[in-house]
Undergrad: 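The structure's right below; bear with me while I get my questions together.
Values in this document were obtained by computation on a predicted structure and should not be read as measured data. Reminder, nothing fancy here: chain letters follow the sequence lines and each chain counts from 1.
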There are 2 protein chains.
Amino acid sequence: MNPPPSAPVDDAAVSNKVTREVVLATALALIDLEGVDRLSMRRLAAALGRDPMILYRHAANKAALLDGVAETVLVQLKVDPTDPDWAGQLRMVARDYRRLALAHPNVVPLLVTRPLATPLGLRPPGTLRPLEDVLKLLTDAGFSGPDALHIYRAVFGFLYGHVLNELQELIERPDEVSDLLRLGLHRLPIAEFPLLRSLAPTLAAYDGAAELERGLDILLAGLTATLTAPSAAHPPGHAADPAKRPRRPQSPRRSDSR
Amino acid sequence: MNPPPSAPVDDAAVSNKVTREVVLATALALIDLEGVDRLSMRRLAAALGRDPMILYRHAANKAALLDGVAETVLVQLKVDPTDPDWAGQLRMVARDYRRLALAHPNVVPLLVTRPLATPLGLRPPGTLRPLEDVLKLLTDAGFSGPDALHIYRAVFGFLYGHVLNELQELIERPDEVSDLLRLGLHRLPIAEFPLLRSLAPTLAAYDGAAELERGLDILLAGLTATLTAPSAAHPPGHAADPAKRPRRPQSPRRSDSR
DNA sequence: AACTGTAGCTAGACGCTGTAGACCTACAGT
DNA sequence: ACTGTAGGTCTACAGCGTCTAGCTACAGTT
């Protein structure tokens, strides 16, 4: 019955039914375009061609609406909890998360900030889906519950941090030629920030994807070394070897209620 | 004519000169107390017992004022770039950062969010001080500039992420007895989030300090393994020993420029 | 002694914000 | 015909950030 979603609702496309999805999609579009703090209920309503007050039919208040936007981005993060290659799967999730963050940089503040104000159980379910799925992935791979949680925290913690780092370095004035100028580093007193200034070319050549992979290399190697093999001290030397993964055969853990 | 208008809301001694430090300190106090979004220019001014417009004498606008608050917190992060034990020094910085974040949880959104809107060179200098100092620490230890930058990014990325993770899990209703209730996990449909619910006790028993140390163990070990000569660095495993750390007589590059 | 400059602060206003409350309309079920 | 409900609108209010103008107190100059 529904005609295709007809998403491009930017300038008052009227007469469309205003569903929650449309509201959130439009909000996301506006945020992508102008940033979070330029989004007001009235602007959003104007983009929908409606009265501001309809919005409150789909979100209790503005904060809830922003939670919804964060959720719509985060539900795109698919985890396959049946993948036997847990490390590879985590890698893919990490790449996916990075991709989402780069696609919606203006939403990242919401992504990292909103959960700080909301207890776990009250967060939008779409936000918790990846957590649950990763836990399933890891427990099925043989990790204990607490270890699975530990790995989740380590990987996603690193992921949050990486994304924030990468986005921070993205801000620049691309019209400038010299690296120093693009990054605004010329404003820094040379005497106080000699190294930072001298690293301008390196800063400008930041390769987020590679950096992410290297971090994951280290993290995953370290995690398996400390968690799965109880006695093995980590053998350093090589870093990237996504193919081999030590796996402990174990009967799949059933979902137990407490 | 008017004696100071009315009762100072906070502990503001009214007849005090309103300096930038006082403004920022009061703003920080208000944020610690009520959170960032309850801070308005008018409230802040009221806490100072003054007209809102004085604030613009010390900050160009509200965003700049928030930058100032973030800076006042961040300048407390001291790095000793002369410490020969670079890994130990990074550990201490990490612990310090975590301590600051826990002391001012409401400021953390500012800490991670504001740099996203400001190019490196335009950030408040206090914000960049730790970066420069860590770079000095690492280059003095023999790392190349790009490697130093890489290590900085890895450690601080992890640090950002860890702090966000830890603060997220802090939110709860402590009046509830059961872990499930405290975290609000009882609201989640059991069928969809079995693992998450079953891990309530583990979630509740989160030990942020230990988690940070373990992450640093992995990260620092992995970094030294991949970046320097394959000579073994300090052993991971157990963490807390801020006093002394094994030192590596490093050869490659000693850039002692000044 | 009067004049000017300036630093610190205040008063008022403007346009914008989030959202409460009343109200309207169209339609479904009884 | 009556009632309930979902969707939508209008008006209004308190609060927001910040612009402009102005006040006071004092320094230095003439």
Undergrad: Going by the rule salt bridge (charged side-chain N to carboxylate O under 4.0 Å, His left out), which residues pair with Arg99(A) if we only count those two or more places apart in sequence or in a different chain?
TA: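 Arg99(A) satisfies salt bridge (charged side-chain N to carboxylate O under 4.0 Å, His left out) with Asp96(A) only.
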Undergrad: Rounded off to whole Å, could you give me the CG-to-P distance for the Leu55(B) and dC19(D) pair?
TA: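 To the nearest whole Å, that distance equals 13 Å.
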Undergrad: The criterion is ring-ring contact (aromatic ring centres under 6.0 Å, His included); which residues satisfy it with Phe156(B), sequence neighbours excluded?
TA: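 Scan of Phe156(B) (ring-ring contact (aromatic ring centres under 6.0 Å, His included), adjacent residues dropped) gives Tyr152(B).
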Undergrad: Please report, rounded to the nearest Å, how far the C1' atom of dG17(D) is from the CZ atom of Arg43(B).
TA: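 In whole Å, dG17(D) C1' lies 15 Å from Arg43(B) CZ.
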Undergrad: Salt bridge (charged side-chain N to carboxylate O under 4.0 Å, His left out) with Arg98(B): which residues, sequence neighbours excluded?
TA: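 Here the qualifying residues are Glu166(B).
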Undergrad: Does Phe193(A) have Arg129(B) sitting over its ring (NZ/CZ under 6.0 Å from centre, angle to axis within 45°)?
TA: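 Yes - Arg129(B) lies over the ring of Phe193(A), closer than 6.0 Å to its centre and within 45° of its axis.
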Undergrad: Got a donor-acceptor pair under 3.5 Å from the side chain of Arg42(B) to the base of dG17(D)?
TA: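 Such a pair exists between side chain and base.
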Undergrad: Starting at CZ of Arg50(A) and ending at P of dC10(D), how long is that distance when rounded to a whole Å?
TA: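 It is 11 Å, rounded to the nearest whole Å.
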Undergrad: Give the rounded distance in Å between these two atoms: OH of Tyr56(B) and P of dA11(C).
TA: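 In whole Å, dA11(C) P lies 17 Å from Tyr56(B) OH.
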Undergrad: Please give, in whole Å, the distance from dT17(C) C1' to Leu30(A) CG?
TA: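 So the two atoms are 16 Å apart, to the nearest Å.
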Undergrad: Hey, which of these two, Pro52(B) or Met41(A), hits DNA chain C nearer its 5' end, going by closest nucleotide?
TA: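 Its nearest nucleotide being more 5', the pick is Pro52(B).
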Undergrad: Under a 3.5 Å cut-off for both contacts, is dT6(C) paired Watson-Crick or G-U wobble with anything, and if yes, with which nucleotide?
TA: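 Paired with dA25(D).
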Undergrad: Give every residue pair that meets the salt bridge (Lys or Arg N to Asp or Glu O under 4.0 Å) criterion with at least one member in residues 23-34 of chain B, sequence neighbours excluded.
TA: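 Qualifying pairs, neighbours excluded: Glu34(B)-Arg38(B), Glu34(B)-Arg43(B).
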Undergrad: If we ignore angles and hydrogens, is there a donor and acceptor under 3.5 Å between the side chains of Arg153(B) and Gln168(A)?
TA: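 No, because no side-chain N or O of Arg153(B) sits under 3.5 Å from a partner of the opposite role on Gln168(A).
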Undergrad: Considering heavy-atom distances to DNA chain D, does Arg57(B) or Asp51(A) have its closest nucleotide positioned more toward the 5' end?
TA: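 This one resolves to Asp51(A).
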Undergrad: Counting heavy atoms from C-beta on, name the nucleotide in dT18(D), dT17(C), dC9(C) closest to the side chain of Ser40(A).
TA: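 Nearest to the side-chain atoms of Ser40(A), counting from C-beta on, is dT17(C).
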Undergrad: Who passes side-chain hydrogen bond (donor to acceptor under 3.5 Å, both in side chains) against Asp80(B), sequence neighbours left out?
TA: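 With sequence neighbours excluded, Asp80(B) shows a side-chain hydrogen bond (donor to acceptor under 3.5 Å, both in side chains) to Thr82(B), given in chain and number order.
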Undergrad: Between protein and nucleic acid, restricted to nucleotides 22-27 of chain C and to nitrogen or oxygen atoms under 3.5 Å apart, what atom pairs and distances do you find?
TA:
none

Undergrad: Report the distance from atom CZ of Arg38(B) to atom C1' of dA14(D), rounded to the nearest whole Å.
TA: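 Going from Arg38(B) (CZ) to dA14(D) (C1'), I get 14 Å.
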Undergrad: Which pairs pass salt bridge (Lys or Arg N to Asp or Glu O under 4.0 Å) with one or both residues in residues 104-117 of chain A, sequence neighbours excluded?
TA: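 Of all non-adjacent pairs touching residues 104-117 of chain A, those that pass salt bridge (Lys or Arg N to Asp or Glu O under 4.0 Å) are Asp67(A)-Arg114(A).
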Undergrad: Just to be sure I understand the geometry, which residues of residues 58-66 of chain B put a non-hydrogen atom under 4.0 Å away from DNA chain D?
TA: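 Those residues whose heavy atoms fall under 4.0 Å from DNA chain D, taken from residues 58-66 of chain B in numerical order, are Asn61(B), Lys62(B).
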Undergrad: Sequence neighbours left out, what passes salt bridge (charged side-chain N to carboxylate O under 4.0 Å, His left out) with Arg95(A)? Give chain and number order.
TA: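 Expected list: Glu213(A).
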Undergrad: Could you give the CG-to-C1' distance, from Leu44(B) to dG15(D), as a whole number of Å?
TA: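 Spelled out: CG on Leu44(B) to C1' on dG15(D) is 16 Å.
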Undergrad: In whole angstroms, how far is the P atom of dC14(C) from the CE atom of Met53(B)?
TA: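 Interatomic distance, CE of Met53(B) to P of dC14(C): 14 Å.
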